[in-house]
Amino acid sequence: MPDRVTEAILRHLEHNGRLSNAELAAKVGLSPSACLRRVRMLEQQGTIQGYHAIIARQKSPAVATIIVQITLEKQTEECLRRFESRIKECADVKECYLMTGDADYLLRVEARDMQDYERIHKEELSRMPGVVRIQSNFAIRPIVQQGKCS
């Protein structure tokens, strides 16, 4: 279980992954060397899995965000494994979650436009093993993204 300092490190890095080690150390009340040891330990343990840039979608080639619910014909271990193995190969799928409730999976897909999503739907998603239902919703604009408010 993380202590308060570790929680503070994670919270600050989640908000701004570009903080220098000295800035982070000052914010969490550690010496720079102790802070760096903690961050490296969190990276090695896999708690911190990477650092990412938040791209302004209106300035990037992929402007449409589509939230897709996928329902499979069965929820057997084999059916789930086959779907998960294939969905990882689809570069247009940016996030995929196994869900409870009506749909089995929730995906965040990025496409250039409606025609590009039609290609993704026909050539990728509908050909995934075990898929019986695809429900797609186009996002209008992000309100909260990666811990940032718009």
Side-chain angles (χ1 to χ4, degrees), residues 1-72 74-112 116-117 120-121 123-125 127-131 134-150:
M1 175 166 230
D3 61 24
R4 287 184 182 184
V5 174
T6 299
E7 288 174 357
I9 288 171
L10 294 173
R11 187 175 57 255
H12 286 294
L13 286 177
E14 187 174 41
H15 181 71
N16 182 0
R18 293 190 62 144
L19 280 175
S20 72
N21 183 61
E23 291 170 319
L24 181 60
K27 287 180 180 287
V28 300
L30 289 177
S31 70
S33 60
C35 185
L36 185 59
R37 278 194 302 277
R38 291 254 192 146
V39 170
R40 288 204 173 130
M41 178 189 68
L42 291 166
E43 291 169 344
Q44 290 170 352
Q45 291 173 340
T47 303
I48 297 174
Q49 296 181 346
Y51 300 88
H52 306 279
I54 298 172
I55 308 299
R57 294 293 167 218
Q58 65 272 21
K59 297 182 184 213
S60 71
V63 294
T65 298
I66 304 95
I67 305 301
V68 180
Q69 295 178 7
I70 300 281
T71 304
L72 301 181
K74 298 185 265 184
Q75 289 77 33
T76 64
E77 188 174 330
E78 175 62 20
C79 194
L80 297 173
R81 186 194 60 71
R82 285 186 13 219
F83 175 82
E84 290 174 12
S85 177
R86 285 281 305 283
I87 201 72
K88 290 174 185 176
E89 298 170 4
C90 186
D92 299 303
V93 174
K94 303 305 179 187
E95 296 179 72
C96 176
Y97 300 92
L98 177 62
M99 302 297 292
T100 62
D102 293 334
D104 295 312
Y105 290 93
L106 184 71
L107 284 57
R108 182 175 65 83
V109 175
E110 291 182 353
R112 290 184 302 279
D116 190 35
Y117 181 67
I120 295 165
H121 187 280
E123 297 176 12
E124 300 285 344
L125 301 179
R127 294 181 183 176
M128 293 284 163
V131 171
I134 301 172
Q135 180 178 333
S136 306
N137 298 284
F138 278 74
I140 296 170
R141 66 181 167 91
I143 305 303
V144 175
Q145 193 174 34
Q146 302 249 345
K148 300 240 179 199
C149 297
S150 325

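The basis for the numbers below is simple: all heavy atoms, side chains too, and nothing from hydrogens, waters or symmetry mates.
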Does L98 reach the side chain of Y105, with side-chain heavy atoms less than 4.5 Å apart? yes
Which distance, rounded to the nearest 0.5 Å, do you find between the CD of E124 and the CZ of R86? 7.5 Å
For N137, does the CG atom have more than 12 heavy-atom neighbours from other residues, nucleotides or ligands under 6.0 Å away? yes
May I ask you to test the D104-F83 pair for a side-chain heavy-atom distance under 4.5 Å? no
Taking the side chain as everything from C-beta on, heavy atoms only, tell me whether Y51 gets closer than 4.5 Å to L13. yes
More than 12 non-hydrogen atoms from neighbouring residues, nucleotides or ligands closer than 6.0 Å to CD on Q45, yes or no? yes
Nearest 0.5 angstrom please: M99 CE to L107 CG, how far? 10.5 Å
Rounded at 0.5 Å granularity, tell me how far OG1 in T47 sits from CD1 in I9. 11.0 Å
Let's go through I70 and I87 carefully: what are the C-alpha distance in whole Å and the side-chain angles of both, what is the deciding distance for side chain to side chain contact (heavy atoms under 4.5 Å, CB included) to 0.1 Å, and is it a yes or a no? CA-CA 11 Å; I70 300 281; I87 201 72; over 6 Å; no
State, to 0.1 Å, how close P129 and L72 come at their nearest heavy-atom pair, and which atoms those are. O-CD2, 4.0 Å
Quick one: pull up CD1 in I66 and NZ in K94 and give me the separation to the nearest 0.5 Å. 11.0 Å
Taking atom NZ of K74 as the centre, does the number of heavy atoms from other residues, nucleotides or ligands within less than 6.0 Å exceed 12? no
Stepwise side chain to side chain contact (heavy atoms under 4.5 Å, CB included) check, I48 with L10: CA-CA 8 Å; I48 297 174; L10 294 173; 3.8 Å; yes
Passing candidate, side-chain contact (heavy atoms from CB on, under 4.5 Å) with V28, options H12, R4, E7: H12
Walk me through it: do V131 and L125 pass the test side chain to side chain contact (heavy atoms under 4.5 Å, CB included)? CA-CA 8 Å; V131 171; L125 301 179; over 6 Å; no
Locate the shortest heavy-atom distance separating L80 from Q75; write the atom from each residue and the value. CD1-O, 3.7 Å
Judged by atom type as modelled, is there a donor-acceptor pair below 3.5 Å linking the side chain of D92 to the main-chain atoms of V109? no
Look up atom CG in L24 and atom CG in L36, then write down how far apart they are to the nearest 0.5 Å. 9.5 Å
Might you work through the side chain to side chain contact (heavy atoms under 4.5 Å, CB included) test for R11 and E14, ending with a clear yes or no? CA-CA 5 Å; R11 187 175 57 255; E14 187 174 41; 5.6 Å; no
Return yes if a side-chain donor-acceptor contact under 3.5 Å exists between R38 and T6, otherwise no. yes
Just how far is it from atom CD of E95 to atom CD of E110, taken to the nearest 0.5 Å? 9.0 Å
Given E78 and R81, is the salt bridge (charged side-chain N to carboxylate O under 4.0 Å, His left out) satisfied, shown in steps? CA-CA 5 Å; E78 175 62 20; R81 186 194 60 71; 2.7 Å; yes
Looking at R127 and E123, what are the two nearest heavy atoms and their distance? CD-O, 3.4 Å
Are V68 and I134 close enough that some pair of their side-chain heavy atoms sits under 4.5 Å apart? yes
Could you pull out the closest heavy-atom pair between N21 and C35, with the gap in Å? OD1-SG, 3.6 Å
